[in-house]
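Below: one structure, written as C-alpha cells.
Just so you know, these numbers use all the heavy atoms, side chains as well, and skip hydrogens, waters and symmetry mates. Naming convention: chains lettered A, B, ... in sequence-line order (proteins, then strands); numbering from 1 in each chain.
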There are 4 protein chains.
Amino acid sequence: MSEQDKMIDELFNHDEELTEKQKKILAAAIESFAEKGYAATSTSEIAKKAGVAEGTIFRHYKTKKELLLTIVAPMMAKLIAPFVIKDFNKVLNQDYERFEDFVKAMIENRTKFLVSNMQLFRILIQEIPFQPELKEQFKEHIAKKIFERFEKVIAHYQAKGQIIDMPPYSVIRMTASTIFGYVIARYLLVPEAEWDDEAEIERTVQILMHGLSPKK
Amino acid sequence: MSEQDKMIDELFNHDEELTEKQKKILAAAIESFAEKGYAATSTSEIAKKAGVAEGTIFRHYKTKKELLLTIVAPMMAKLIAPFVIKDFNKVLNQDYERFEDFVKAMIENRTKFLVSNMQLFRILIQEIPFQPELKEQFKEHIAKKIFERFEKVIAHYQAKGQIIDMPPYSVIRMTASTIFGYVIARYLLVPEAEWDDEAEIERTVQILMHGLSPKK
Amino acid sequence: MSEQDKMIDELFNHDEELTEKQKKILAAAIESFAEKGYAATSTSEIAKKAGVAEGTIFRHYKTKKELLLTIVAPMMAKLIAPFVIKDFNKVLNQDYERFEDFVKAMIENRTKFLVSNMQLFRILIQEIPFQPELKEQFKEHIAKKIFERFEKVIAHYQAKGQIIDMPPYSVIRMTASTIFGYVIARYLLVPEAEWDDEAEIERTVQILMHGLSPKK
Amino acid sequence: MSEQDKMIDELFNHDEELTEKQKKILAAAIESFAEKGYAATSTSEIAKKAGVAEGTIFRHYKTKKELLLTIVAPMMAKLIAPFVIKDFNKVLNQDYERFEDFVKAMIENRTKFLVSNMQLFRILIQEIPFQPELKEQFKEHIAKKIFERFEKVIAHYQAKGQIIDMPPYSVIRMTASTIFGYVIARYLLVPEAEWDDEAEIERTVQILMHGLSPKK
DNA sequence: TATGAATGAGCTTTCATTCAT
DNA sequence: TATGAATGAAAGCTCATTCAT
C-alpha cells in the first residue's frame, strides 16, 4: 500500500468502503486538481490517469464539483481536528506551562499535517477563492471554531502575563499568518531551495513568540 | 473617468495608446479573472461584459493567455517598483533612522498599493500556482530583486543593532508573511468583518517589530 | 392488488408467470413511456421507479426496445379482440337489428377499453409513428383485420338500407376518426375540462349515425 | 429555390434575415424531427445533414429545445391564421350563404395547408404530448381562439336553421376530428394506398354535413 | 479596426448494456 | 434470479480561435 493510498484511506474511508476504482479516481483527481487547478482539469484526464472509464467517475460522483467537495471536505475537518477535541483546554493546562511551548507544539503538529497532505492543502487554498461553498465551509467550520477555542487560550496566557495585551483576534491572525506563510513559502513557492527546516521553524517561532511576549 | 479607468491608464498606458475598446476589454477581463479565475472565465463572457465582439479580443491579444499576461505583468512590476529605484539605499539612509520607521512606511505604502489594486492582486496570487510563466517571472523579477535589496538593508540595521541577529532570508520571509497575511485576511478572507484598519496595522507592525528587535 | 396490477395481470399474464419484479418493471415502464415517451425515458429511471437494479431489467428484456414491444403488443391484440372472435357475424346478426345499435354498443365498449388502458393507448399512438415494427403490426394485424370484418358488416347494413351508399372504407375511416377523436380530446388533450361523458358520447354517436343514414 | 426553401422562407423569415446555414439547419431539423421524433434525433445528426459544424447550431439556438420551439411556433400561428383575421365574420357573411359551403371551403383550405406542411404538422402532433410548453401554447393560442371564433359561426348558422341544435363545442370537436382524421389517415397512416382525394374529401364532408344538418 | 458567423476539438454528463459476484 | 459496478459510445453543449466582410 503506497503513501498515497494510506492517506486516502485515512481521510476518506470512514465507515463506507471504497472500491479500488474509487480510490484510484480520488488519487488521480487530487493529483490533477493540485497541479493544474479544478477548472483546468478535465474529467477525461482524471479517468485516464485513474485507469477507469469516464462514466465510472460519474457513477460515484454526480458531478465534477461533487468530486471536488468530496476531496476537500474531510481535509478541512482534519485540519482543525486537534482544536475541537473535547478536552482541548484540559490537555492544554496539563501539558503546557508556557504559551511558547504550546504554540511550538501546535505549529509543529499542524505543519507536519499540512506537509503530509500538501496536495490537498494546495487544492484547498487554491479553490477556496472560487468555490463559494468552500469559502462558507471554511469560515463556518474552520475559522469560527478555531477562533472560539483560541480566544480562551489567549486570554488564559494573557492572564498569566505570558502574552502581550492585545485583542485575541490580532494574535490569532498573526499566528496563522506565520504558520501558513512558512508552509506556503517552504513547500509551494520555493520548494527547490535548500531549507534547514528545523532551524527555520525554530527562528520563525522565535520571532513570533518574541513579538507576542509582553513588553517590559 | 472612473477609478477603474484611472487604474488601467496608470498600469497599462505606458507609451502606446490604448483604444477605448482595449480598455474595456482589460477592465472586463480583470473583473472576471479576479472573480472566477482565469480557467473558468470564457472569452465570450469577457467580450459580452466589455461590449465588444469576440473577434476584437483576439485582434489585440493573440491568445487568451496573452491577455492574462498583459494584465498581470505590469502589476508585478509596480508591486516592486519602490524597491528597485536606483537610489534606494540613499533614500533609505536619509529618510529612516530606525528600522521600525522604514518597515512601517513600507508596509503602509505597499498595503495601500495592494488595496487599490485588489483585483489584480487577486489574479496574481490566484494564477501564479497554475501558470509556470508567472511563477518564473515572480521568482526572477520579484522575489530575487526584492531579496537582493532587502538583504543589504537588513545587514545595515543589524549592524546598527536594531534587528535581531538572524539570516536575512528569515527576516524577509517573516516580514512578507506579515504583510500578505494581513492583506489577504483583511480584503480576501474576511472583508465583511468590521476592521479598525489603522489600529490593526499598528498592532501587526508592533508584533513584527518587537519580534525582530534584538533580545536583551 | 391495485388497478394497475390487475391491468398488468390481465394483459401480460397469459401462460407464463410474471415475478413480482417483472410486474413492477412493466408498471414503471408503462408509466414513464406514457408520460415522457419511449426515447426520452432512460432505463435507469425505470429501474429506480420499479425499485429494482438496472441489470434486472435486462435479465428479462434483452433490450429497451424489447421492453417496449412487450408492453405494446398485447394492447394491440386486445384492442381488436372483439372483432376477431370467430362467430363475430353470428353475434352481430342475433344481437343488433339496427346498425345504430351495433355502432353504439361498439363505441361504448371500445371507448371503455381505451379509457381503462389509457396509458397503453397513449404509448401506442405516440410510438407508432417512430417504430416501424409497430406501424407494420398495426397495419397488418389491426387495420387489415378490422377492415375485413367491418366491410361485410357495412355491406350487410347497406343492403338493409340502413346506411348511406358509400365505399365501406370511407364509412370505417369516418367511424374510427369519430371514436379516436373523442377519446383523444376527452382524455389526452383536454382532460381537465368538465365533461358530461354520457351526453357527449350520445351527441357524437348521433351526429355520426345521422351522417351515415341514407338520404331521403 | 426548392420547395423546402420556400416553405422555410415563408414560415420563418418574417423580419430578421436568416443566413444560408440557418436555413439549412432548420430544414435538416424539420426533416429529422418529423421522421424520428425530437428525442431520438441528435444534434450531431442535424449538423451532418445540414452540412454545418455542430457548434453552429448552438450559436443560433441556445438549446436543442429552443430549436424545436423555433420550428413549431410559427406553424401553430399559420395553422389558425385564417380564423384570426380581423374581418373573419364579415368575410363569412358575404361569402358563404350556407354553412356547408363555409365548412367545405375551410376544410379544403386547411387540408391544403396541412398537406403542404406535412412535416411540420407531424412534428406538431407528435411532440405536443411530450412538451408541456407546446401543449400550453396549443391550448391557449390555437384551441381557445378557434373555439371563440367558431362558437359565433355555429350560433349564426344554427339561428338560420342550417345546423342541428347542439352545444357548439360538440360541433366543433366533431368537425376537427373529421379534418384531422382524414389528414392523418391519408398522409400519415396509409399514404401508400391509392386515394381518390377529391372524392374522399367530398364523401367526408358529405357525412359530416349530413350529420350536422337539422333532423326533420 | 472591428465584427460575428463559423468552426471542430473538447467539455461534462447520460445512456443502454455487460458481467462478475 | 438479482445485483450494481463498470463500461465506452454518444449525447448536448462550450470553448478559444479563425476569417471573410
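By the salt bridge (Lys or Arg N to Asp or Glu O under 4.0 Å) test, Arg59(C) pairs with no residue at all, sequence neighbours left out. For Lys36(B), the salt bridge (Lys or Arg N to Asp or Glu O under 4.0 Å) partners at least two apart in sequence or on another chain are Glu45(B). Looking at residues two or more places apart in sequence or on another chain, you find a ring-ring contact (aromatic ring centres under 6.0 Å, His included) between Phe121(D) and Phe180(D). Lys48(B) meets the side chain to side chain contact (heavy atoms under 4.5 Å, CB included) test with no other residue; sequence neighbours excluded. Judged as a side chain to side chain donor-acceptor pair (under 3.5 Å), and not counting sequence neighbours, the contacts of Ser32(A) are Lys49(A).
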Output a table of donor-acceptor pairs, distance under 3.5 Å, between side-chain atoms of residues 65-76 of chain A and any protein atom two or more places apart or on a different chain; print 'none' if there are none.
residue: Lys65(A); atom: NZ; partner: Gln131(A); partner atom: OE1; Å: 3.3
residue: Thr70(A); atom: OG1; partner: Glu66(A); partner atom: O; Å: 2.7

Dot-bracket for DNA chain F, please. Rules: Watson-Crick or G-U, both distances under 3.5 Å, ( ) within the strand, [ ] when a pair crosses earlier ones, | for another strand, . otherwise.
.||||||||||||||||||||

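Minimum atom distance to the side chain of Ala53(B) is reached by dT3(E), of the listed dT3(E), dG8(F), dG8(E). Candidate nucleotides dA6(F), dT3(E), dA5(E) were compared by shortest atom distance to the side chain of His60(A), and dA6(F) ranks first.
Sorted by first then second residue, the ring-ring contact (aromatic ring centres under 6.0 Å, His included) pairs that include residues 18-77 of chain A, not counting sequence neighbours, are Phe33(A)-Tyr38(A).
Atoms CD and CD, on Glu127(C) and Glu133(C) in that order, are 11.0 Å from each other to the nearest 0.5 Å.
Both Ile57(C) and Thr19(A) lie near DNA chain F, and the one whose nearest nucleotide falls closer to the 5' end is Ile57(C).
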Base contacts versus sugar-phosphate-only contacts with protein, heavy atoms under 4.0 Å: please encode nucleotides 12-21 of chain F as B, S and - from 5' to 3'.
BBBSBBB---

